[in-house]
Amino acid sequence: MLKRTHNCNQLTTEHVGQTVALAGWVNAYRDHGTGLIFVDIRDREGLTQLVFDTEDASQELLEQADKLRNEFVIAAEGTVRVREGGPNPKLATGEIEVVVQRLEVLSASETPPFLPNDEKGDLPREEVRLKHRYIDLRRPAMQQILKTRHRVTKVVRDYFDEQGFLEIETPILCKSTPEGARDFIVPSRNQAGNWYALPQSPQLFKQLLMVSGCDKYLQICRCFRDEDPRADRQAEFTQIDCEMSFVEREDVMQTMEGVVRRVFKEVMGVEVPTLDRMPYHEAMDRYGIDRPDRRYGLELVDLSEACANSEFKVFQGALAKRQGMIKAIRVPGGADKLTRKMTDGYTEFVKQFGAGGVPVVKVNAEGKPETGIARFIEAEWPAIAELTGAEPGDTILFGADSRTTCLKAMGELRIKIAKDLDLIDESKWDFLWVVDFPMFEYDEEGGRFYAMHHPFTAPEPSQIDAFLNADPKDVDTIEGIVSAGYDIVCNGSEIGGGSIRIHNQQVQSKVFELLGMSKEEAKDKFSFLLDALQLGAPPHGGIAFGLDRLVMHLTGTDNIRDVIAFPKTQIGADLMTEAPSQVSEDQLKELHVLEVEIEE
RNA sequence: GGGGCGGUAGCUCAAUUGGUUAGAGCAUCGGACUGUCGAUCCGAAGGUUGCGGGUUCGAUUCCCGUCCGCCUCGCCA
């Protein structure tokens with residue numbers, strides 16, 4: 001086989017006169033008939049023009065070149081020379097061409113279903129790209145993403161290595177634990193009727209590595225959660241998972257801010273400033289979401305007090321609910337920018353979050369409200385105008401409901417308006433830490449608590465006594481206990497989250513108790529953890545970054561499948577390999593699994 | 001499980017109110033051409049309109065079901 005001497009993005013006028021060899025795919029061929037053929041050869045790095053002509057090539061070689069087609073895999077040896085037809089400024093190798101003396105077809109290709117050419121525009125539909133993923137990945141844009149992803153993991157490993165972290169692997173076949181996402185499960189052949197679960201994260205293993213004295217741990221690991229995907233979510237995804245011993249919250253945050261700074265600097269050239277810290281409740285009150293995007297305004301303004309005595313039935317109804325509230329968004333200049341059709345659409349939009357609608361007023365030239373619900377809020381207007389900072393020409397949008405619904409609806413509406421009015425400055429980066437999350441959320445319907453982060457998150461140190469003494473029935477007190485958790489947010493997306501962990505058995509048992517777990521169940525599911533916490537567990541804490549989302553930010557895509565080499569579809573299918581698929585009866589028998597028909 | 005959008009030639013798309021033989025660009029095949037670079041020019045071939053049913057004289061078009069892809073709610077400790 002002809003071995004290459006250079007890649008396809010390398011040759012310049014400096015190489016003129018040299019004999020070189022290239023290997024790659026036929027990106028395009030331009031056949032001028034008897035005696036002149038151009039072939040663009042492509043590899044991971046770029047394109048180079050090969051030329052075959054009667055002056056320099058034998059008849060045999062020309063005939064060989066004549067048979068080349070798109071996506072043939074070839075190797076070519078020849079001489080570098082300055083292009084006779086003038087340079088092509090679009091290519092790094094645009095000033096030269098290789099006059100081929102020897103050509104090898106390493107692998108012919110059928111006519112490909114589509115060409116991996118970004119310049120052609122008109123990308124095939126994603127279904128086709130996924131079925132022939134190996135062709136899609138040949139596209140320079142996809143190669144660029146794969147390179148960026150590699151670069152990120154390399155920088156991450158280097159950084160943590162410098163900081164004294166050890167990369168340690170943890171099991172893929174794990175014990176299924178309650179709570180959290182739905183597990184993917186794997187049958188055990190050796191133990192009939194018993195099952196493994198794939199890890200939702202290596203959470204407990206990394207904590208046990210701290211108990212093991214490993215001190216600082218890192219792993220870039222696959223995690224599995226059997227839940228429906230979204231544009232930024234996939235059942236199988238990758239975490240950058242870290243844990244440190246003998247640390248408090250601030251130590252972890254400093255270390256982790258460092259890796260984010262290093263990655264953005266080295267991969268993007270972006271300088272990440274010292275990150276702001278925002279308490280969870282502030283984020284919820286101002287942005288209606290625990291991962292605010294501060295690249296634009298449209299902050300939520302609380303009108304609950306100002307409208308406490310409103311006669312407007314929608315406001316009255318909202319305030320009568322448990323934790324009812326009224327929020328407003330002021331859209332500067334909205335009177336012109338937001339059409340009636342759009343604001344009507346917003347009412348439909350918030351319904352999916354359980355809200356009733358979006359009352360609207362416009363502010364007229366005199367600074368008075370008009371249209372929409374203007375006549376219902378005349379009495380409160382001076383206060384509303386003051387609080388929202390309403391100016392002539394603005395539109396004010398209202399949300400009134402229970403706290404949870406109102407914040408969710410208004411938070412999502414804020415994002416939608418920003419997108420609709422193109423208010424997001426894509427050149428900006430907004431990083432922050434969100435801290436002081438509640439330990440628990442109370443679920444009214446189920447009448448029980450859920451861990452907001454996960455059940456191994458420690459209370460903030462000042463809260464430990466209050467926590468240990470809390471009456472499980474005292475919902476308000478328990479909801480008020482703040483954890484030692486932290487989320488790192490980039491442009492309105494959570495790129496990482498973590499906490500100081502519980503390293504005290506009593507505290508851990510109390511959490512299980514509050515989550516409604518019996519002593520027996522806690523022992524059955526977590527005895528290994530509870531034992532370990534009594535056998536010398538150092539204080540520790542850590543974080544996990546979502547590598548896929550990080551790479552999405554770094555490559556500017558809004559689709560997680562673009563940053564995964566072989567992603568799955570909405571129903572967990574791999575369109576290329578056609579997984580999942582049936583297995584033989586023998587396989588099932590060996591695993592003690594019986595296939596049953598379920599009557600609908 | 002719910003809501004929305006989509007599926008027509010290998011690919012990207014079009015097809016009037018339900019009406020003649022379902023069209024175009026790219027790709028493919030054949031031909032022409034010695035300086036192109038998304039080559040150009042001439043010609044040809046290429047269709048289970050996702051699948052199944054229904055309404056109709058007639059269905060890409062209307063109706064029902066179903067499969068697949070995407071977005072989304074729920075879900076994602």
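Each chain gets a letter, A, B and so on, in the order the sequences are listed, and its residues count up from 1.
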Query - Side-chain N,O (A:Thr569) to OP1/OP2 (B:G69) below 4.0 Å - result: yes
Report task. Return the nucleotide paired to B:C62: Watson-Crick means purine N1 to pyrimidine N3 with N6-O4 or O6-N4, wobble means G-U with N1-O2 and O6-N3, both under 3.5 Å. Result -> B:G54
**Report entry** B:G10 phosphate, OP1 or OP2, under 4.0 Å from A:Arg69 side-chain N/O
**Finding:** no
Query raised in the report: Could a donor-acceptor pair under 3.5 angstrom be found where the side chain of A:Arg81 meets the base of B:G35?
Result: yes
Report summary line: Atom CD of A:Glu84 and atom P of B:C37 are separated, to the nearest Å, by 16 Å
**Report entry** Under-3.5 Å donor-acceptor pair between A:Arg233 side chain and B:C76 base
**Finding:** yes
Requested in this report: Would you please confirm or rule out a distance under 4.0 Å between OP1 or OP2 of B:C71 and any side-chain N or O of A:Gln570?
Outcome: yes
Query raised in the report: Do the charged groups of A:Asp558 and A:Lys419 touch, with an N to O distance under 4.0 Å?
Result: no
Query raised in the report: Please give, in whole Å, the distance from B:C11 C1' to A:Arg138 CZ?
Result: 15 Å
Report task. Identify whether the distance between the nearest side-chain nitrogen and carboxylate oxygen of A:Arg42 and A:Glu71 falls below 4.0 Å. Result -> yes
Report task. For A:Leu36 and B:U40, give me the distance from atom CG to atom C1', rounded to whole Å. Result -> 13 Å
Report task. Ignoring backbone atoms, test whether A:Arg230 places a side-chain nitrogen or oxygen under 4.0 Å from the OP1 or OP2 oxygen of B:C73. Result -> yes
Query raised in the report: Think A:Tyr29 has a side-chain N or O under 4.0 angstrom from the OP1 or OP2 of B:G38?
Result: no
Report task. Before accepting this row, confirm whether a basic side-chain N of the pair A:Glu412/A:Lys408 lies closer than 4.0 Å to the acidic partner's carboxylate O. Result -> yes
Requested in this report: Searching all strands shown, indicate the nucleotide that pairs with B:G46 (Watson-Crick or G-U wobble; both distances under 3.5 Å).
Outcome: none
Query raised in the report: If only side-chain N and O atoms of A:Arg30 are considered, is one of them under 4.0 Å from the OP1 or OP2 phosphate oxygen of B:A39?
Result: yes
**Report entry** Any-strand Watson-Crick or G-U partner of B:G69, both distances under 3.5 Å
**Finding:** B:C5
**Report entry** Distance, rounded to the nearest Å, where A:Leu123 contributes CG and B:U12 contributes P
**Finding:** 9 Å
**Report entry** Separation of B:C26 C1' from A:Leu115 CG (nearest whole Å)
**Finding:** 9 Å
Query - Between B:A22 and B:U16 - C1' atom distance, rounded Å - result: 14 Å
Query raised in the report: Roughly, in whole Å, what's the span from CD in A:Glu110 to P in B:C11?
Result: 15 Å
Query - Nucleotide forming a Watson-Crick or wobble pair with B:C76, both distances under 3.5 Å - result: none
**Report entry** Polar pair under 3.5 Å, donor/acceptor by atom type, side chain A:Glu97, base B:G35
**Finding:** yes
Query raised in the report: Would you call A:Glu243 and A:Arg501 a salt bridge, taking side-chain N to carboxylate O under 4.0 Å as the test?
Result: yes
Query raised in the report: Any chance the side chains of A:Gln207 and A:Gln203 put a donor and an acceptor closer than 3.5 Å?
Result: yes
Query raised in the report: Which base sits across from B:C26 as a Watson-Crick or G-U pair, both distances under 3.5 Å?
Result: B:G10
**Report entry** N/O (side chain, A:Asn70) to phosphate O (OP1/OP2, B:U28) under 4.0 Å
**Finding:** yes
Report task. Check if the side chain of A:Arg83 and the base of B:C37 share a donor-acceptor pair of N or O atoms closer than 3.5 Å. Result -> yes
**Report entry** Pair A:Glu520 + A:Lys523, salt bridge at N-O below 4.0 Å
**Finding:** no
Query raised in the report: Given B:G38, is OP1 or OP2 found less than 4.0 Å from the side-chain N or O atoms of A:Lys90?
Result: yes
Requested in this report: State whether the distance check finds a donor on one side and an acceptor on the other, under 3.5 Å, for side chain A:Asp228 versus base B:G74.
Outcome: yes
